[in-house]
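Side-chain atoms are counted along with the backbone in the values below, which use heavy atoms only and exclude waters and symmetry mates.
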Amino acid sequence: MATETSTSAAAGSGTGNWVESYTGMSTDNIKGLVLALSSSVFIGTSFIVKKKGLRKAGASGVRAGVGGYSYLYEPLWWAGMITMIVGEIANFAAYAFAPAILVTPLGALSVIISAALAHIMLKEKLHIFGMLGCVLCVVGSTTIVLHAPQEREIESVAEVWDLATEPAFLLYATAVLAATFVLIFRCIPKYGQTHIMVYIGVCSLVGSLSVMSVKALGIALKLTFSGMNQLIYPQTWLFTIVVVTCILTQMNYLNKALDTFNTAVVSPIYYTMFTSLTILASVIMFKDWDRQNPTQIVTEMCGFVTILSGTFLLHKTKDMVDGLPPTLPIRIHRHTDENGYAGEGIPLRSAAEGIPLRSPRAAE
């Protein structure tokens, strides 16, 4: 009898260990996962709601694509903007509970939400290869979720500051800042209007630092709400300054990229660079891979590559109808907007439709 009991206990323990090692999901990881998924749903939906608002406003006023602002008087557009804000708040909160290597790649799921809703609500065609891209995004996201590392236990924002001031991350941050300044002051004046990687490089490099700061600030707020006030630490306010500075820089140069090049080209390239650099920064700063074996790390990378493949495929085929190849150029002509309408100039798309800062979304 005792033997049976011990055997059952061992079997139960073995099953528990198998589940834990297979899913790698702690309570915090589950909270972060739910918040990240909710964020993708809200943000993916917001683009469709805002686009319907833009269409409605354009029917009775000057289109946003040619510099009009009639959408500001359209309640439907504001409903979409509020939905996006809710999604970004959920994304911000997700970083406080789960590692960036889990949260950031899941941003691709909003592409699926947008594509599916556009097919249903806006009657936009979704090519068969676009559907395949959606499936690849789901498969890659599932792979990452099942093998994501446990969130690091942190008791104070001072601990995050210690991680941020370790030699390895300081070297990374210095390299990022040096590359950013070179791109801004040397490359953009010469190549900004002809080379898409210049603007996107600035956005992605600065974006990786912004996510680390957002995560630090999120952890500080989480601890504060749980009763351990972190607002008394100067590090919390330093992280806040970094977040604001990085986000403003991202917004500026992402707008420039969208103003100069086609969104269908900007989005997948930006997603790839931004997510890759964010994962690299998280691995260096929070040492996510130190708590994993090589098999888990390789599996996560395979999941990430699968998401990238799905994202590129979905964006590449977004304008294909009945087997016809897309005809959009990489660079936007100065007197024609992306929908083929003539205009006096190219306005900043984000002013009308909004561009999230964690990763590019399917704006159309």
Side-chain angles (χ1 to χ4, degrees), residues 43 47 64-65 67 81 84-85 88 91-92 95 100 104 107-108 110-111 172-215 217 239-282 308 311-312 315 328-334 337-338 345-364:
I43 292 177
F47 283 112
M81 180 59 70
M84 170 172 280
I85 292 172
E88 292 295 348
N91 180 57
F92 177 90
Y95 282 110
T104 306
S110 68
V111 176
Y172 173 80
T174 302
V176 165
L177 292 175
T180 300
F181 283 123
V182 169
L183 287 173
I184 291 175
F185 296 108
R186 296 293 300 273
C187 297
I188 286 180
K190 294 181 179 179
Y191 310 110
Q193 298 297 311
T194 56
H195 291 69
I196 191 172
M197 297 301 294
V198 177
Y199 286 134
I200 294 180
V202 174
C203 296
S204 301
L205 289 166
V206 175
S208 67
L209 296 182
S210 73
V211 169
M212 296 302 100
S213 301
V214 163
K215 184 171 179 63
L217 186 58
F239 282 126
T240 302
I241 294 173
V242 174
V243 167
V244 173
T245 303
C246 289
I247 287 178
L248 291 177
T249 303
Q250 278 182 271
M251 186 183 303
N252 179 40
Y253 288 99
L254 183 57
N255 283 342
K256 290 179 183 293
L258 292 170
D259 182 38
T260 308
F261 303 98
N262 193 279
T263 306
V265 180
V266 172
S267 295
I269 297 177
Y270 178 41
Y271 175 81
T272 301
M273 288 191 65
F274 172 79
T275 308
S276 300
L277 289 171
T278 297
I279 290 175
L280 176 61
S282 181
L308 293 183
T311 303
F312 270 96
H315 279 279
L328 290 177
I330 292 179
R331 191 172 184 276
I332 298 176
H333 297 295
R334 280 294 165 188
D337 70 10
E338 293 181 25
I346 302 298
L348 299 184
R349 173 173 290 270
S350 60
E353 297 184 67
I355 296 296
L357 295 175
R358 63 170 172 157
S359 66
R361 308 291 184 181
E364 306 243 2

Q. For the side chain of T275 and the backbone of T272, is there at least one donor-acceptor N/O pair under 3.5 Å apart?
A.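 Side chain of T275 to backbone of T272, a donor-acceptor pair under 3.5 Å: no, none is there.
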Q) Any sub-3.5 Å donor-acceptor pair from T245's side-chain atoms to I241's backbone N or O? A) yes
Do [X] and [Y] come close enough that some side-chain heavy atom pair is under 4.5 Å?
X    : Y    : result
M197 : M273 : yes
K256 : F261 : no
Y271 : L308 : yes
Y270 : I196 : no
Y172 : L280 : yes
V202 : I188 : yes
F92  : L217 : yes
L205 : L183 : yes

Can you tell me how far [atom2] of [Y] sits from [atom1] of [X], rounded to the nearest 0.5 angstrom?
X    : Y    : atom1 : atom2 : value
S208 : I279 : OG    : CD1   : 11.5 Å
C203 : L254 : SG    : CG    : 5.0 Å
T260 : H195 : OG1   : NE2   : 13.5 Å
L209 : L177 : CG    : CG    : 6.0 Å
S282 : Y95  : OG    : OH    : 9.0 Å
F239 : K215 : CZ    : NZ    : 12.0 Å

(Q) Is the ring pair F181/F185 parallel, tilted or perpendicular, if the boundaries are 30 and 60 degrees? (A) parallel
Q: Over all heavy atoms of both residues, which pair between S210 and Q250 is shortest? Give the atoms and the distance, please.
A: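 Of all heavy-atom pairs spanning S210 and Q250, the closest is OG-OE1, 2.9 Å.
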Q.
Tell me the closest heavy-atom pair linking T278 and G207, and the distance in Å.
A.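 Looking at all heavy atoms of both residues, the shortest contact is OG1-O, 4.4 Å.
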Q: Please lay out, stage by stage, how Y253 and V198 fare under the test side chain to side chain contact (heavy atoms under 4.5 Å, CB included).
A: CA-CA 9 Å; Y253 288 99; V198 177; over 6 Å; no
Q: Using the side-chain contact (heavy atoms from CB on, under 4.5 Å) rule, pick out the option among L248, V211, V214 that qualifies with V243.
A: V214
